[in-house]
Amino acid sequence: MTERKIRVRFAPSPTGPLHIGGVRTALYNYLFARNTGGTFILRIEDTDQARYVEGAEDYIMDSLHWAGIKVDEGVREGGPFAPYRQSDRKEIYHRYADELISKGDAYYAFDSPDELERLRHEHESRGVTFNYGCVSRMNLCNSLNLTAEEVAGRLASGEHYVVRYRMPENQDIHFTDLIRGEMVVNTSTIDDKVLYKSDGMPTYHLANIVDDHLMEITHVIRGEEWLPSLPLHVMLYRSFGWEAPLFAHLPLLLKPTGKGKLSKRDGDKMGFPVFPLYWPYGETATGYREEGYFPEAFVNMLALLGWNPGTEQEIFSMEELIAAFSIERVGKSGSRFDPEKAKWFNTRYFQMKSDDELVALFMPLVNDKGFYPSPEKLKKIISLVKERAGFVRDLWHEADLFFVAPETYDPEVVRKRWNADSPGQMRELRDVVAAVQQFTSDNLEQTVKEWIVAGPHNTGTILNLFRLLMVGVSRGPHLFDIVELTGRDETLRRLDNGIMRLSSKVS
RNA sequence: GGUCCAUUCGUCUAGUGGUUAGGACGUCAGGUUUUCAUCCUGGUAACAGGGGUUCGAUUCCCCUAUGGACUACCA
């Protein structure tokens with residue numbers, strides 16, 4: 001095993017949009033593969049025809065692509081072990097089921113779903129759990145207690161059947177999980193799982209083991225929900241006589257508050273996405289991409305949710321994650337998802353973007369608003385407002401004052417700053433501003449401040465009123481930067497307009 | 001109900017048989033910014049409980065509690 005080249009796989013089921021927990025599983029597989037010089041495989045596990053959802057397969061691949069997780073072998077990429085979609089490998093599994101039957105480790109079962117359902121209900125009403133296993137199987141309809149002729153007859157007549165694994169009785173199975181360590185489970189507590197369904201498709205358990213073996217997977221890194229079936233999988237490897245891969249079961253992502261694992265509802269309720277990309281089918285859902293998250297921030301956030309480097313570093317590029325990642329440092333317990341921290345990660349990446357990058361990202365939004373500034377001007381604006389935003393789309397909220405004159409004036413600020421003397425003060429200020437020939441931030445600021453100091457006016461009052469008339473609210477970049485970028489004509493227009501409107505309101 | 005897994009600030013987590021139990025997010029306060037935000041400084045806040053083992057347990061063991069997963073011809 002140690003000699004073998006490391007090969008890992010992400011094996012999602014195309015039953016809907018890929019949840020961020022799934023993306024994290026894929027990410028950890030990818031990081032592990034790259035860290036060890038191994039291969040990352042994407043295998044589509046679509047053995048359940050009933051739950052197959054059109055578009056889900058593309059969604060999975062698009063999501064990984066967006067996140068920067070590169071698939072080495074997969075449905076789109078191909079590879080030496082193709083095909084990578086289980087429905088395209090359908091004929092492979094049958095003979096492995098047969099192999100197990102001939103070894104006596106599996107058997108045919110003819111019980112109808114209705115009959116089993118009835119049995120379950122009946123047991124439940126008595127307060128016990130029905131198990132198709134070592135205690136009940138001899139009372140049920142299967143090849144273990146039918147004669148060979150009967151079995152052959154039923155098979156020949158085309159009767160529906162499933163193949164079940166014959167779980168041995170009372171054996172302690174010891175196995176190791178890379179994250180949780182040694183574990184032991186007694187086989188008597190495990191039921192006889194269906195390996196092969198009556199529709200001619202294998203179940204997850206069979207297909208998964210067969211494909212992992214055939215594709216020479218060395219490490220199975222998957223969600224914790226699979227931990228209970230690990231003993232079964234270990235037994236299957238033994239029955240086949242195959243060397244089992246190493247297993248690592250990742251803890252789950254939990255709701256931000258309350259009980260249970262993260263679900264779509266939490267996102268809807270608390271206003272954050274639970275999926276990487278927009279899901280356009282059926283019940284639609286927004287994605288991190290559409291909400292304006294940078295894929296690097298998204299990946300960084302996900303990587304730190306359940307794994308840590310053991311240092312105090314929190315910001316990691318993909319390359320740094322690859323270099324630092326190890327399964328040993330994955331935590332044992334579930335992680336609550338914190339949407340606030342997700343935003344914080346994005347803000348950090350946003351601040352790291354160059355002004356030019358942000359111009360390219362922001363320009364379309366500005367154009368949508370009906371404005372067409374030169375890239376140079378937009379760059380200047382961005383440099384002034386960038387530090388107060390965490391997302392590209394926040395930028396408009398910060399930058400609109402450069403495009404649109406205030407329509408309203410914050411009543412709170414008006415009440416606090418605008419009094420009977422204000423109109424006169426503002427008209428004086430207006431004349432000072434109008435008189436400045438070189439209309440730059442530096443000389444205008446100097447002139448205005450000198451004028452204030454020389455006169456009877458209060459600096460704070462004048463400047464705050466000036467801002468109110470320019471912007472309408474008490475926030476935004478350095479006042480004189482706004483004035484410079486807005487230009488003399490527009491500045492005077494805003495002053496005149498404000499004086500007029502606020503004077504009439506007060507009197 | 002049964003099986004398995006887990007448990008350090010509100011959240012993500014580091015860490016150790018003897019530490020002032022560290023960092024980050026959030027939050028609070030102060031400073032900077034004559035605005036808001038950023039930024040800086042500081043504060044807040046945790047070893048689930050009970051038994052052991054030990055000179056000494058947050059750390060090792062057991063029990064309990066709590067949380068989680070699984071318990072389909074779904075993955």
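Each chain gets a letter, A, B and so on, in the order the sequences are listed, and its residues count up from 1.
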Residue [X], side-chain atoms from C-beta onward, closest of [options]:
X	options	value
P228(A)	U35(B), C70(B), U38(B)	C70(B)
E224(A)	C5(B), C25(B), G1(B)	C5(B)
E314(A)	C12(B), A75(B), A24(B)	A24(B)
R120(A)	C25(B), A75(B), C73(B)	C73(B)
K259(A)	G68(B), U71(B), C73(B)	G68(B)
N131(A)	U71(B), U35(B), A75(B)	U71(B)

Touch class at under 4.0 angstrom, heavy-atom based, for [X] against every strand present:
X	value
L304(A)	sugar-phosphate
T311(A)	nothing
P256(A)	nothing
R467(A)	base
V162(A)	base
M183(A)	sugar-phosphate
H205(A)	nothing
R336(A)	sugar-phosphate
G476(A)	base
S333(A)	sugar-phosphate
N458(A)	nothing
G331(A)	nothing
G223(A)	nothing

Could you let me know what [N] is paired to, Watson-Crick or G-U wobble, both distances under 3.5 Å, or none if it's on its own?
N	value
C47(B)	none
U19(B)	none
C60(B)	G52(B)
U3(B)	A69(B)
A24(B)	U11(B)
U38(B)	none

### Message
Can you see whether F294(A) has K353(A) sitting over its ring - NZ or CZ less than 6.0 Å from the centre and within 45° of the normal?
### Response
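That pair qualifies as a cation-pi contact.
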Below the 4.0 Å mark, does [N] have OP1 or OP2 next to a side-chain nitrogen or oxygen of [X]?
X	N	answer
R180(A)	G68(B)	no
T47(A)	A75(B)	yes
N308(A)	A14(B)	yes
K386(A)	C39(B)	no
R329(A)	G15(B)	yes
S335(A)	U13(B)	yes
K255(A)	U11(B)	no

Between [X] ([atom1]) and [N] ([atom2]), how many Å, whole number?
X	N	atom1	atom2	answer
L232(A)	A72(B)	CG	C1'	13 Å
L116(A)	A72(B)	CG	P	10 Å
R126(A)	G2(B)	CZ	C1'	15 Å
N464(A)	U33(B)	CG	P	14 Å
N186(A)	U71(B)	CG	C1'	16 Å
R9(A)	A75(B)	CZ	P	14 Å
I315(A)	G23(B)	CD1	C1'	13 Å
R388(A)	C39(B)	CZ	P	12 Å

Same-atom distance ([atom1]) from [N] to [M], integer angstrom:
N	M	atom1	result
G68(B)	U8(B)	P	14 Å
A21(B)	A29(B)	P	27 Å
A48(B)	U7(B)	P	9 Å
C5(B)	G17(B)	P	24 Å
A24(B)	C39(B)	P	13 Å
C47(B)	G15(B)	C1'	11 Å
A6(B)	G23(B)	P	28 Å
G10(B)	C73(B)	P	43 Å

Taking the six-membered ring for Trp and the full ring for Phe, Tyr or His, determine whether the centres of [X] and [Y] are under 6.0 Å apart.
X	Y	result
F272(A)	Y288(A)	no
F325(A)	W307(A)	yes
W226(A)	Y204(A)	yes

### Query
Counting distance only, does the side-chain N/O of S136(A) pair as donor-acceptor with the main-chain N or O of N131(A) below 3.5 Å?
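Present.
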### Task
Return the minimal non-hydrogen interatomic distance between L262(A) and P256(A), and the atom names on each side.
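Heavy atoms only, the tightest pair is CD1-CD, 3.9 Å.
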### Query
Which pair of heavy atoms, one from R89(A) and one from P83(A), lies closest together, and at what distance?
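The pair with the smallest heavy-atom distance is NH1-O, 2.7 Å.
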### Query
More 5' along RNA chain B: A389(A) or D199(A), using each one's nearest nucleotide?
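The residue mapped nearer the 5' terminus is A389(A).
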### Task
For K197(A) and for V184(A), locate the closest nucleotide of RNA chain B by heavy-atom distance; then report the residue assigned to the nucleotide nearer the 5' terminus.
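Here V184(A) is the residue nearer the 5' end.
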### Query
Heavy atoms, side chains only, cut-off 4.5 Å: are L395(A) and L365(A) in contact?
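A side-chain contact under 4.5 Å is absent here.
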### Task
Go through the steps for D114(A) and S112(A) under the test side chain to side chain donor-acceptor pair (under 3.5 Å), then give the verdict.
CA-CA 5 Å; D114(A) 289 348; S112(A) 74; 5.2 Å; no
Go through the N and O atoms of the side chain of [X] and the base of [N], and report whether any donor-acceptor pair is under 3.5 Å.
X	N	answer
T189(A)	G2(B)	no
R51(A)	C74(B)	yes
K341(A)	A24(B)	yes

### Task
Indicate whether the side chain of N300(A) and that of Y349(A) have a donor and an acceptor atom separated by less than 3.5 Å.
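Note: N300(A) and Y349(A) side chains meet the donor-acceptor criterion.
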